[in-house]
Amino acid sequence: RREAERLLVALKDPNRGWNAVVVGEGTRCWFGNQFSLVAPKFAAYGVDLWVPELGGKFDPRNPSHKMLMSVLGGMSESERQHVQARVRAAMDAQVVNEGRHQGGRAPFGYVTVDGGPHPNPRKAAEGYRLRVLAIDEEAAAVVRRMFAEYVDGMGDRAIANGLNRDRIPCPSERRPEQNRHRIADGWQASTVRAILENPRYTGYAFFGRWTKHETLIDPDDVAAGHTVRFRRSAPERIVRSREPAHPAIISVEQFVEVQMRRRSRAAGGLEARRKLERGPKTSKRPYPLRGRVRCGYCGRRMEM
């Protein structure tokens, strides 16, 4: 796709040194209505398109050429969707039956290590290796601390403030090479929430918790294309391995207890949130007894 983007940019250069593009397989270059959006741009800059399905050069004045490319675009889009469904079904089966790690960034508390030759003989012959999750003990201790503090009554923000106060590196600071999209600005409540809601810490492999959704960049200009957004999947779309797939950081019972508490607090509304331990607030003039004075009735830390 990057090379195709460079090709489109080079169209504007009068000294590009070429005046035609020969396509090896039209169905692998365009799908849907992409050809109808790209072909006029080539014609405007005087560049011919040669497509094997047409038996030669594309003629914009030939209605048969336009009709055939529209049909090929629809067939290509349909095949793309079928391939996506087959790949997803195969990956689901690998997770359920084998607990295989499907790639991506390892959760905080884990690292990916070499798991031996790839199970697929063809990929193993090509040198591919299986990647599995192993515990990063230093980070795993932080994960256990989060779950324990939440069970003790602390909220997400209070846990994050405590980690920042103890100068514990956040995920983007600990592993900047796999968190280039983040800035090392310390622990946030959203980061704590994501860790507390991740079931992979129980040792079971999960797949499909997030799905890609293509959203129009501009609904009034469909030709502008789509942007990819990640959204939470419906519960029935998430699969879990039948057996533990990697070392567990917390027990299943502790994870379930945390999730039940989170749901109870969410259902309880403001009254339930008031019972949570508050985190220290930023202040230009910190009080000497800050965080040390508690209410004699409810035991909560008093605000100063």
Side-chain angles (χ1 to χ4, degrees), residues 83-151 159 169-172 174-182 190-212 230-263:
V83 170
Q84 290 177 337
R86 289 195 297 266
V87 171
R88 174 59 195 266
M91 297 178 75
D92 287 351
Q94 290 174 355
V95 172
V96 172
N97 299 324
E98 306 172 23
R100 187 182 303 181
H101 175 55
Q102 296 295 355
R105 291 178 294 142
F108 181 78
Y110 288 102
V111 292
T112 54
V113 297
D114 185 13
H118 198 280
N120 188 315
R122 180 183 62 81
K123 291 186 176 181
E126 295 175 358
Y128 287 94
R129 309 285 293 181
L130 185 66
R131 305 295 292 176
V132 297
L133 294 179
I135 292 181
D136 180 356
E137 289 298 342
E138 186 175 350
V142 180
V143 175
R144 297 187 186 101
R145 168 180 168 174
M146 292 183 191
F147 278 87
E149 290 181 346
Y150 193 87
V151 172
I159 295 175
C170 62
S172 56
R174 184 173 180 82
R175 294 191 177 279
E177 69 281 356
Q178 70 174 16
N179 293 280
R180 297 187 180 93
H181 61 301
R182 305 283 186 184
S190 58
T191 309
V192 175
R193 181 174 64 252
I195 291 176
L196 293 178
E197 294 179 351
N198 192 342
R200 299 174 74 183
Y201 292 113
T202 60
Y204 287 86
F206 283 78
F207 182 66
R209 296 176 62 230
W210 296 86
T211 55
K212 291 182 179 180
F230 284 88
R231 298 176 183 172
R232 288 186 179 272
S233 302
E236 62 272 10
R237 295 277 298 170
I238 303 174
V239 297
R240 192 202 74 171
S241 61
R242 293 192 177 96
E243 301 293 337
H246 50 264
I249 293 180
I250 62 168
S251 65
V252 176
E253 294 76 14
Q254 188 176 7
F255 179 81
V256 172
E257 181 181 2
V258 169
Q259 305 316 307
M260 296 299 293
R261 287 175 178 264
R262 296 186 70 84
R263 293 185 180 183

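Atom set for the values below is all heavy atoms of this structure, side chains included, hydrogens, waters and symmetry mates excluded.
Counting only heavy atoms from C-beta outward, the side chains of T211 and F230 never approach each other to under 4.5 Å. With contacts defined as side-chain heavy-atom distances shorter than 4.5 Å, the pair T191/P171 qualifies. In this structure, the side chains of I195 and Y201 come closer than 4.5 Å at one or more pairs of heavy atoms. Under the 4.5 Å side-chain criterion, counting only non-hydrogen atoms from C-beta, Y204 is in contact with V252. A 4.5 Å side-chain heavy-atom check between R175 and R105 finds every atom pair outside the cut-off. Using a 4.5 Å cut-off on side-chain heavy atoms (C-beta onward), L133 and V111 make no contact. Taking the side chain as every heavy atom from C-beta outward, P119 and L130 approach each other to under 4.5 Å. You'll find the side chain of Y150 reaches within 4.5 Å of the side chain of L196, heavy atoms only.
Residues passing the salt bridge (charged side-chain N to carboxylate O under 4.0 Å, His left out) test with R145 are E149, D166, sequence neighbours excluded. Listed by chain and number, the residues in a side chain to side chain contact (heavy atoms under 4.5 Å, CB included) with A234 are E236, R237 (sequence neighbours excluded). With sequence neighbours excluded, no residue forms a salt bridge (charged side-chain N to carboxylate O under 4.0 Å, His left out) with R209. The ring-ring contact (aromatic ring centres under 6.0 Å, His included) search around F108 returns W187, not counting sequence neighbours.
Ion pair D92/R240 not flagged as a salt bridge, since none of the NZ, NE, NH1 or NH2 atoms sits closer than 4.0 Å to an Asp/Glu carboxylate oxygen. Salt bridge status for R232 with E197: present, with a side-chain N to carboxylate O gap under 4.0 Å.
With values rounded to the nearest 0.5 angstrom, I250 atom CD1 is found 9.5 Å from R144 atom CZ.
The two residues V95 and R100 come nearest to each other via the heavy atoms CG2-O, 3.8 Å. Contact between G99 and S241 at its shortest, heavy atoms only, is CA-CB, 3.8 Å. Nearest heavy atom pair, residue S233 against residue G208, reads OG-O, 2.6 Å. Nearest heavy-atom pair across H101 and T112 is NE2-CG2, 3.8 Å. Heavy-atom minimum distance, G109 versus V143: CA-CG2, 4.4 Å. Shortest non-hydrogen contact noted between N198 and P107 is ND2-CB, 3.9 Å.
Within the structure, ring-ring contact (aromatic ring centres under 6.0 Å, His included) pairs that include any residue of residues 233-253 comprise Y110-H246 (at least two apart or interchain). Sorted by first and then second residue, the side chain to side chain donor-acceptor pair (under 3.5 Å) pairs with a member in residues 115-130 read D114-R129, R122-E126; sequence neighbours excluded.
Within 6.0 Å of the CD atom in Q102, the count of heavy atoms belonging to other residues, nucleotides or ligands exceeds 12. The environment of Q259 atom CD is dense: over 12 non-hydrogen atoms of other residues, nucleotides or ligands sit within 6.0 angstrom.
Between the S251 side chain and the Q254 main chain, a donor and an acceptor come within less than 3.5 Å of each other.
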